[in-house]
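As structure tokens, the structure follows; a few thoughts come after it.
Residue indices begin at 1 and follow the sequence shown. The figures that follow rest on heavy atoms only: side chains count, while hydrogens, waters and symmetry mates do not. This is a predicted model, so every value here is computed, not measured.
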Amino acid sequence: MTDTAVDPFASALDITPHELSRGYTWAECPRWHEGALWFSDMYAHRIVRLDEDGTPRTALDLSTRTSENGVETIPGGFGWLPDGRLIVTSMHERLVLAFDGENVTEHADLRALATGPINDMVVDADGRAYVTQLGFELFQGEEPRDSALLVVEPDGTGRALTELGGFSGANGIAVSSDGSRLVTAEAFANRLTILDRDEAGRLSGRRVFATTSSLPDGICLDDDGGVWAGLPSVPAVARFVEGGAVTDIVRFTPESALPPACVLGGPDRRTLYICAGLDVLDWDESRRNRRGTVWAAPVRASGGANRP
């Protein structure tokens, strides 16, 4: 296709990825940390770290955890506190858990604040975590409804940021390298939303960064002002600039991978790492098939100190 009215990616640079690793359930929420790629192997209840040769190592195993409300412990977004502890969302418990390398503890209880499963998360330099939520019980067939962004202060105190208004299935979330901007993907509104962020971590100035042609999922930022977004229904990962133009695209076939999320990593953070899968809604099917994959592709802009 060459007609941009039909193909919103017609003028974008096509980038070819290569597969790094496979055998996961639904691979999500990739992070670059301490010179390695980390991600959630969600329905296997674990956080994985990939060695340089692509060998997976389980960094955090939550499979034997007894949950607070009888649901499975499904790890979503994660990050690190200044003291080195890993914190991760337990999506359906609506908790943020902390792991010190030996023990898992409760960092924040968001059950009174979240109106549905919590989702992704980004942790700033001070240890403040911004948490997205679906806002409704997607896996139980509820109708979508808007919900607030949540913030967890370094001491574990949580608050719903109701002053910003409701978000339509806020999903991926990222903070710019200078800390002045926060971007989130509103999955059920087909848009990327940007907010200003001050030195105390307060958010304001909500506005549309870009409208997307399909549901945006996980995101990451680069130092040239781009937002990379997983578009699993395309399926592709695309780079958007403010206003909505698409400059770069990594395409997949529906039979090979549906990519929900990405992160920039590598020595100069110019490698785009992409998590993908084929079975997201049926957890048991995802565990049986293990069709989750991790991919990599070289890109032009660096991730710099953007988070995640």
TODO: Quick one: which residue pairs count as a salt bridge (charged side-chain N to carboxylate O under 4.0 Å, His left out) with a foot in residues 223-244, not counting sequence neighbours?
DONE: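 Of all non-adjacent pairs touching residues 223-244, those that pass salt bridge (charged side-chain N to carboxylate O under 4.0 Å, His left out) are Asp222-Arg239.
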
What's the shortest heavy-atom distance between [X] and [Y], and which atoms?
X: Pro17; Y: Ala297; answer: CA-CB, 4.0 Å
X: Ser302; Y: Asp268; answer: OG-O, 2.8 Å
X: Leu150; Y: Gln133; answer: CD2-NE2, 3.9 Å

With no hydrogens and no angle check, just 3.5 Å: does a side-chain donor-acceptor pair link [X] and [Y]?
X: Asn171; Y: Asp217; value: yes
X: Thr58; Y: Arg46; value: yes
X: Glu19; Y: Thr293; value: no

- [ ] Validate the cation-pi geometry between Arg31 and Phe78: distance from NZ or CZ to the six-membered ring centre under 6.0 Å, angle to the ring axis within 45°.
- [x]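 Judged by the rule, Arg31 and Phe78 form a cation-pi pair.
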
Open item on the list: Does Arg287 qualify as a cation-pi partner of Tyr24, given the criterion of NZ or CZ under 6.0 Å from the six-membered ring centre and within 45 degrees of its axis?
Closed with: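 Checked: cation-pi criterion not met.
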
Open item on the list: Once you measure the plane-to-plane angle for Trp32 and Tyr273, does it fall in the parallel (<30°), tilted (30-60°) or perpendicular (>60°) bin?
Closed with: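 Because their plane-to-plane angle is under 30°, the rings of Trp32 and Tyr273 count as parallel.
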
Open item on the list: Angle between ring planes, Trp80 versus Trp38, binned at 30° and 60°: parallel, tilted or perpendicular?
Closed with: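 Aromatic pair Trp80/Trp38 classed perpendicular.
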
Open item on the list: Between Phe252 and Trp295, does the ring pair (Phe, Tyr, Trp, His ring centres under 6.0 Å) criterion hold? Intermediate values first, please.
Closed with: CA-CA 11 Å; Phe252 295 87; Trp295 305 71; 5.1 Å; yes

Task: Validation row: Val152, Val131 side chains within 4.5 angstrom (heavy atoms) - done: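 Yes; the side chains approach each other to less than 4.5 Å.
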
Task: Backbone N/O of His45 and side chain of Ser63: donor-acceptor pair under 3.5 Å - done: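 No; zero donor-acceptor contacts below 3.5 Å.
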
